[in-house]
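This structure is a prediction, so every number in the text was calculated from the model and none was measured. What's counted below: heavy atoms across the whole structure, side chains too, no hydrogens, waters or symmetry copies.
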Amino acid sequence: MRLRIDCAYDGAEFSGWATQPGRRTVQGTLEAALATALRVPEVRVTVAGRTDAGVHARGQVAHVDVDREVVAASAGRSTDTPPQALARRVDGILPPDLRVRRVVEAPEGFDARFSAVWRRYAYRVADAQELADPLVRGHVLTWGRPLDLDAMNEASAPLLGLRDFASFCKQREGATTVRTLLDLDWRRDDAGLVVGSVRADAFCHNMVRALVGCLLAVGEGRQPAGWPAEVMAGRRRDQGVRVVHAHGLTLEEVGYPDDDELAAQAERARARREAIHD
């Protein structure tokens, strides 16, 4: 059976999502806990979006394939469904900075990575001295100058749509930098923090943090509102774009189509990726 796993983590002490030899990663920690709870030698999870070192997540999604009998046996005498019992067992094994929010049997055709139609991140900034809260310093970027959100929203609008984000991505051989940016907007939350919300079909390496750095330059008045679009038009990494710190970034949510569209979406996504690599 395929299980969908919804999880959240504080990325401060993790070297990103993906397993790396000798490093503490979200994937490695989660897979070890699942293997212990299921009483199997090892498991392998597939994730919706690999987060970089220091990036947090509230709405990360993964899946794992495991024999139905193994899941049932792991529940023991629990009155919960086997997936619910597994979620409780795994959560009891995991460290406090990684939590499993739910485990359910995935619908037919579900793939955590390829069935996803969008991912949404938020980047949080404290741009005034009175907003600097030491209790949330690990999740909010402290910025020394006040930001003009109207200018940042004006600068963000031309970046939307199907675009080549090579100017904002760390290049990886054989990987495309073309993405569809669905939303990019800036507002203040109830506490007064600046929150940038970014939603796209997918993201390339460092894309969100580079976009944020570019737009912060506009917000503090160092660059005009038209500068980010000019940077994008260059289609190469611009040395003037600052990649901001990872700790202000959180993966908030992953979007999926209706259950009857999951398999078709996964097939389309795989076909696009294969075409890119051919």
Side-chain angles (χ1 to χ4, degrees), residues 5-32 44-62 94-95 97-99 112-114 116 118-125 136-143 159 164-184 194-217 231 236-239 241-255 273 276:
I5 303 169
D6 290 68
C7 61
Y9 46 88
D10 183 322
E13 301 299 323
F14 289 105
S15 297
W17 168 271
T19 299
Q20 302 175 58
R23 292 184 176 271
R24 184 176 187 256
T25 65
V26 182
Q27 181 181 7
T29 304
L30 178 59
E31 288 178 346
R44 189 72 171 178
V45 299
T46 297
V47 72
R50 296 181 178 185
T51 49
D52 294 335
V55 176
H56 316 294
R58 282 196 180 92
Q60 182 67 279
V61 182
L94 289 171
D97 54 355
L98 172 57
R99 310 271 26 121
R113 179 186 180 190
F114 289 113
W118 51 260
R119 289 89 171 156
R120 180 173 65 84
Y121 284 84
Y123 198 95
R124 294 176 173 83
V125 184
V136 297
R137 69 189 184 281
H139 302 85
V140 178
L141 178 71
T142 300
W143 198 254
L159 308 180
D164 186 344
F165 287 90
S167 304
F168 302 101
C169 294
K170 186 174 181 179
Q171 296 286 343
R172 289 179 172 173
E173 187 174 351
T176 182
T177 51
V178 174
R179 299 289 189 271
T180 301
L181 191 60
L182 300 168
D183 301 302
L184 176 54
V194 174
V195 182
S197 181
V198 189
R199 188 170 65 100
D201 59 343
F203 294 92
C204 46
H205 193 212
N206 282 353
M207 176 175 161
V208 178
R209 292 162 57 199
L211 282 169
V212 170
C214 188
L215 292 163
L216 288 177
V231 170
R236 59 183 177 83
R237 196 67 178 265
D238 192 300
Q239 296 302 313
V241 175
R242 175 183 177 183
V243 178
V244 291
H245 291 289
H247 72 272
L249 185 60
T250 301
L251 173 60
E252 297 284 351
E253 187 180 8
V254 181
R273 184 163 293 275
I276 289 165

>> By the definition side-chain contact (heavy atoms from CB on, under 4.5 Å), identify the one residue from Glu252, Arg119, Arg120 that meets it with Arg199.
In response: Arg120
> Taking atom CD of Gln20 as the centre, does the number of heavy atoms from other residues, nucleotides or ligands within less than 6.0 Å exceed 12?
Replying inline: yes
> Hey, what do you get for CG (Asp183) to CG (Leu159), rounding to the nearest 0.5 Å?
Replying inline: 12.5 Å
> Taking the side chain from Thr180 and the backbone from Asp201, do they hold a donor-acceptor pair closer than 3.5 Å?
Replying inline: no
> Partners of His139 by side-chain hydrogen bond (donor to acceptor under 3.5 Å, both in side chains), sequence neighbours excluded?
Replying inline: Asp10
> How long is the gap from CG on Asp6 to CD on Glu253, to the nearest 0.5 Å?
Replying inline: 10.5 Å
>> Show, in sequence, the C-alpha distance, side-chain angles and deciding distance for Val125 and Val244, and conclude whether the side chain to side chain contact (heavy atoms under 4.5 Å, CB included) test is met.
In response: CA-CA 11 Å; Val125 184; Val244 291; over 6 Å; no
> Could you give the distance from CG (Asp97) to NE2 (His56), rounded to the nearest 0.5 Å?
Replying inline: 10.5 Å
> With respect to Phe14, which candidate in Val55, Leu98, Asp52 satisfies the side-chain contact (heavy atoms from CB on, under 4.5 Å) definition?
Replying inline: Leu98
> Should Phe165 and Leu181 be marked as a side chain to side chain contact (heavy atoms under 4.5 Å, CB included) after you check the CA-CA gap, both sets of side-chain angles, and the distance that decides it?
Replying inline: CA-CA 9 Å; Phe165 287 90; Leu181 191 60; 3.7 Å; yes
> Pick one: which of Leu141, Thr250, Leu249 meets side-chain contact (heavy atoms from CB on, under 4.5 Å) with Arg124?
Replying inline: Thr250
> By ring-ring contact (aromatic ring centres under 6.0 Å, His included), which residues pair with Tyr121, not counting sequence neighbours?
Replying inline: Phe203
> Looking only at heavy atoms, what is the nearest atom pair of Arg23 and Ser15, with distance?
Replying inline: NH1-OG, 3.7 Å
>> Quick check against the 3.5 Å criterion: does Gln27 have a side-chain atom that pairs as donor or acceptor with the backbone of Thr19?
In response: yes
> If you look at every heavy atom in Ala210 and Phe168, which pair is closest and at what distance?
Replying inline: CB-O, 3.4 Å
> Distance from Thr25 atom OG1 to Leu30 atom CG, nearest 0.5 Å?
Replying inline: 9.5 Å
> Going through the distances and angles, do Arg209 and His245 end up as a side chain to side chain contact (heavy atoms under 4.5 Å, CB included)?
Replying inline: CA-CA 7 Å; Arg209 292 162 57 199; His245 291 289; 5.8 Å; no
> Do you know which two heavy atoms are closest between Cys169 and Thr177, and how far apart they sit?
Replying inline: CB-CG2, 4.0 Å
> At their closest point, which heavy atom of Arg24 faces which heavy atom of Thr29, and how far apart are they?
Replying inline: CG-OG1, 4.2 Å
>> Ignoring hydrogens, what is the shortest heavy-atom contact between Tyr9 and Thr51? Give both atom names and the distance.
In response: OH-OG1, 2.7 Å
> Closest heavy-atom contact between His247 and Arg137?
Replying inline: CD2-O, 3.4 Å
